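Predicted, not measured: the structure shown is a model, and the values here were computed from it.
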Amino acid sequence: MATSSAASPFCTWLMAACMSVACDNDRSRSPYMFQYSRKMSKWSRRRKFMPKCTSGSSELNRGLISSICGSSIQGLMSSYLNFEPCDEYYSSNSLSALGLFGDNGFSSLFGSKTGHMNRRQRRVNRAAHSGKAMTVALEPAQEVTITKKPPTKERRVVVTGLGVVTPLGHEPDVFYNNLLDGVSGISEIETFDCAEYPTRIAGEIKSFSTDGWVAPKLSKRMDKFMLYLLTAGKKALVDGGITEDVMDDLNKEKCGVLIGSGLGGMKVFSDAIEALRISYKKMNPFCVPFATTNMGSAMLAMDLGWMGPNYSISTACATSNYCILNAANHIIRGEADVMLCGGSDAAIIPIGLGGFVACRALSQRNSDPTKASRPWDINRDGFVMGEGAGVLLLEELEHAKKRGANIYAEFLGGSFTCDAYHVTEPRPDGVGVILCIEKALTNSGVSREDVNYINAHATSTPAGDLKEYQALVHCFGQNPELRVNSTKSMIGHLLGAAGGVEAVAAIQAIRTGWVHPNINLENPDEGVDKKLLVGPKKERLNIKAALSNSFGFGGHNSSIIFAPYK
């Protein structure tokens, strides 16, 4: 005795999948397809019953097929995976019994002629027919031809401008000359009273002006991380020879900004919380947008009228390297010709200092600030906070040559990995860092022997310094020319800006042929060979390729590689 029963939404989708193989080769999406999918979703939610279809409903069937044509097999498969076959499907003797390709195919689908099956019978049939419906749905009428993008010559990326705001100066040459002289930028914190904190020192920027770089009205409202970013970004343009005339000739749609921040506008947000204690009416109306990490890149792009790739990346202390590599990739893929990239942070405020104190990450050598940051030294007791911004002007090689730009170095490539181990601690085996370096070498096409200068992450923490050193020895220990230093020994840890500032240091080393010293390295930690490390004085070095590491909380590892332009 034939019974009229309900068909699950899966039956409708299975019918669509099976019948779509007979559709024409036209795969263009129709707006009606989206409307039909929405209706099907509503039907599945409401669990409405479908009446038994008869052979007289062929016109409806043809209309249904027309609306389904153009949907992709993948979309239908997604729907298949979200529904379980109905009783009618399992009660069929075989797929051929459904009559899918006959005149009465739909009537068989929506009107089962078999009796009700119990749960056990359904399980038996499920096992017997598992995968068969999927096979029918995936069987194409014709082989699909995919037109691949023709291979193109890879675009080269060069560095044509540098911009910095640091505790040792706000011009690339001033900054690097201070590094070469071994000058420390670490001192007592002056911007707020931190007498009750166990750490009272930092790489604090003592004098900084936005005159000529940021409009006075904005300067009063913005967080310092944005002021540092805007200033360093515009200085990189000036350093790169982007005059008003050059700017007018640029294709703004292919100019982008990718400058990140590890912590964003902490001061603006902290001030807003204090204002909220009184009343929400006292809050800065810009407190939310000016606290977000992306707004620095956005504001700079608005100022310049650049309409290309624009966003920020926040991967703690690895932020800048992530931004630089992604910016270079936009140029390589042809999505941009010019990119401003790097990082900026300004977290030397009560909540920032207090947060890192709570992490027990900071040095407490308050009595001798200039000696506090001492990477690889056995007496190191934590890192020293810093602040500032470092920005590179990256450019496609032919674009740079066409406008007669001064090319400082070539960006060869880089890599990212994740330790997947701990929130703040590095992996004991160093596998994440080693993998990152090896992938960077592969990506850039550089041999281990060619890397003879490394600007290490080395923050002056007990665990981090040693694990990075061991990874460097593993990857480059056989290279007698290798020289390693840490910029943080003089400026502290600039957090999300560290990689940008240290990339500037690496490029300046390539330009000048001098690498800066490691200060405060008086007693190397056990297992640390001073032969690899730059001494207390600057050293002459003909750099073949320079690698810069940056690692961040969360296990974020990044390595980028520069070389002299040839």
Problem set entry | Between Tyr469 and Asp525, a side-chain donor and acceptor under 3.5 Å | no
Exercise. So does Glu438 pair up with Arg448, basic N to acidic O under 4.0 Å?
Worked result: yes
For this session: Inspect the contact between Asp429 and Arg427 and indicate whether a charged nitrogen and a carboxylate oxygen are less than 4.0 angstrom apart.
Result: yes
Problem set entry | Spacing of Thr160 atom OG1 and Asn406 atom CG [to the nearest 0.5 Å] | 8.5 Å
For this session: State whether the side chain of Asn479 and the backbone N or O of Asp450 hold a donor-acceptor pair below 3.5 Å, judged by distance alone.
Result: no
Exercise. Passes salt bridge (Lys or Arg N to Asp or Glu O under 4.0 Å), Glu410 versus Arg156? Steps please.
Worked result: CA-CA 8 Å; Glu410 182 171 4; Arg156 295 170 65 182; 2.8 Å; yes
Exercise. So, does Ser460 use its side chain to make a donor-acceptor pair with the main chain of Ser373 at under 3.5 Å?
Worked result: no
For this session: Mark yes or no for whether Thr293, through its side chain, and Gly260, through its backbone, hold a donor-acceptor pair below 3.5 Å.
Result: no
Exercise. Has Asn542 got more than 12 heavy atoms of other residues, nucleotides or ligands less than 6.0 Å from its CG?
Worked result: no
Exercise. So, Thr199 side chain and Ser363 main chain: donor-acceptor pair closer than 3.5 Å or not?
Worked result: yes
For this session: Go through the steps to decide whether Thr424 and His422 satisfy the test side chain to side chain contact (heavy atoms under 4.5 Å, CB included), and finish with yes or no.
Result: CA-CA 6 Å; Thr424 58; His422 191 269; 3.4 Å; yes
Exercise. Just wondering, do Asn520 and Asp377 contact through their side chains at under 4.5 Å, heavy atoms?
Worked result: no
For this session: Report yes or no: do Thr417 and Asn557 form a side-chain donor-acceptor pair below 3.5 Å?
Result: yes
Exercise. Going by atom types only, do Asp381 and Gln364 share a side-chain donor-acceptor pair under 3.5 Å?
Worked result: no
For this session: For atom CD of Glu526, decide whether the heavy atoms of other residues, nucleotides or ligands shown that lie under 6.0 angstrom number more than 12.
Result: no
Problem set entry | Heavy-atom donor-acceptor pair, Asn518 side chain to Val484 backbone, under 3.5 Å | yes
For this session: Might you point out which heavy atoms bring Tyr197 and Phe192 nearest each other, and give the distance in Å?
Result: CE1-CE1, 4.3 Å
Exercise. Looking at Leu162 and Arg511, what are the two nearest heavy atoms and their distance?
Worked result: CD1-NH1, 4.3 Å
Exercise. Just checking, is any N or O donor in the side chain of Lys224 or Ser344 under 3.5 Å from an acceptor N or O on the other one?
Worked result: no
Problem set entry | Side-chain donor or acceptor of Lys234 paired with backbone N/O of Trp213 under 3.5 Å | yes
Exercise. Is the shortest heavy-atom distance from the side chain of Leu227 to the side chain of Phe208 under 4.5 Å?
Worked result: yes
Exercise. Between the side chains of Ser261 and Asp345, is a donor N or O closer than 3.5 angstrom to an acceptor N or O?
Worked result: yes
Problem set entry | Sub-4.5 Å side-chain heavy-atom contact between His457 and Cys317 | yes
Exercise. So Lys544 and Glu449, salt bridge (Lys or Arg N to Asp or Glu O under 4.0 Å) or not? Walk me through it.
Worked result: CA-CA 9 Å; Lys544 300 176 185 176; Glu449 295 73 24; over 6 Å; no
For this session: In sequence, state the C-alpha distance, the side-chain angles, and the governing distance for Leu300 and Leu340, and then conclude on side chain to side chain contact (heavy atoms under 4.5 Å, CB included).
Result: CA-CA 10 Å; Leu300 183 53; Leu340 283 169; 3.9 Å; yes
Problem set entry | Heavy-atom pair with the smallest gap, counting every atom of Gly163 and Ala236 | N-CB, 3.7 Å
Exercise. Side chains of Thr210 and Ser219: donor-acceptor distance under 3.5 Å anywhere?
Worked result: yes
For this session: Kindly compute the distance separating CD1 (Ile324) from CD1 (Ile259), expressed to the nearest 0.5 Å.
Result: 10.0 Å
Exercise. Within a reach of under 6.0 Å around CZ of Arg540, are more than 12 heavy atoms found that belong to other residues, nucleotides or ligands?
Worked result: yes
Problem set entry | Asn443 and Ser415: side chain donor to acceptor below 3.5 Å | no
Problem set entry | Heavy-atom check, side chain of Leu495 versus side chain of Leu263, under 4.5 Å | yes
Exercise. What is the distance from atom CZ of Phe290 to atom CE of Met299, rounded to the nearest 0.5 Å?
Worked result: 4.5 Å
Problem set entry | Lys538 charged N/C atom sitting above Trp514 aromatic ring, 6.0 Å / 45° | yes
Problem set entry | Test item: side-chain donor near acceptor, Asn455 and Thr487, under 3.5 Å | yes
Problem set entry | 4.5 Å side-chain heavy-atom contact, Leu394 and Val338 | no
Exercise. Minimum heavy-atom separation for Ser320 to Gly496, with atom names?
Worked result: OG-O, 2.6 Å
Problem set entry | Polar side chain donor-acceptor pair, Asn549 to Glu502, under 3.5 angstrom | no
Exercise. Sub-3.5 Å donor-acceptor pair from the side chain of Gln508 to the main-chain atoms of Pro172, do we have one?
Worked result: yes
Problem set entry | Within 6.0 Å of CE in Met307, more than 12 heavy atoms from elsewhere | no
Problem set entry | Point-to-point distance, once rounded to the nearest 0.5 Å, from CG of Leu541 to OH of Tyr453 | 9.0 Å
Exercise. Is the shortest heavy-atom distance from the side chain of Ser489 to the side chain of Arg374 under 4.5 Å?
Worked result: no
For this session: Please check if the side chain of Thr319 supplies one atom and the backbone of Ala316 the other of a donor-acceptor pair under 3.5 Å.
Result: yes
Exercise. Does Glu522 reach the side chain of Lys371, with side-chain heavy atoms less than 4.5 Å apart?
Worked result: yes
Problem set entry | 4.5 Å side-chain heavy-atom contact, Leu276 and Ile278 | no
Problem set entry | Salt bridge Glu539-Arg483, side-chain N to carboxylate O under 4.0 Å | yes
Exercise. Looking at the rings of Phe383 and Phe356, which for Trp means the six-membered one, are their centres under 6.0 Å apart?
Worked result: yes
Exercise. If every non-hydrogen atom of Glu395 is compared with every non-hydrogen atom of Ile331, which pair is closest and at what distance?
Worked result: N-CD1, 3.9 Å
For this session: Check step by step if side chain to side chain contact (heavy atoms under 4.5 Å, CB included) holds for Leu392 and Ile507.
Result: CA-CA 10 Å; Leu392 308 184; Ile507 294 164; 3.8 Å; yes
Problem set entry | Residue that, paired with Ile313, satisfies side-chain contact (heavy atoms from CB on, under 4.5 Å) out of Leu325, Asn321, Leu258 | Leu258
For this session: Ignoring hydrogens and angles, tell me if any N or O in the side chain of Thr231 forms a donor-acceptor pair with the backbone of Tyr228 under 3.5 Å.
Result: no
Exercise. Will you find, in the side chains of Thr191 and Glu204, an N or O donor that is under 3.5 Å from an N or O acceptor?
Worked result: yes
Exercise. Heavy-atom count around Lys206 NZ within 6.0 Å, excluding the residue itself: above 12?
Worked result: yes
Exercise. For Pro375 and Ser486, which heavy atoms make the closest approach, and how far apart are they?
Worked result: CG-OG, 3.5 Å
Exercise. Using a distance-only test with no angle check, is there a side-chain donor-acceptor pair under 3.5 angstrom linking Tyr408 and Asp239?
Worked result: yes
Exercise. In Å and rounded to the nearest 0.5 Å, what is the CD1 to CD1 distance from Ile205 to Ile491?
Worked result: 9.5 Å
For this session: Measure the CD1-CG distance between Ile437 and Leu441 for me, rounded to the nearest 0.5 Å.
Result: 7.5 Å
Problem set entry | Check: Asn366 side chain, Arg200 main-chain N or O, donor-acceptor pair, under 3.5 Å | yes
For this session: Please check if the distance between the ring centroids of Tyr311 and His330 is under 6.0 Å.
Result: yes
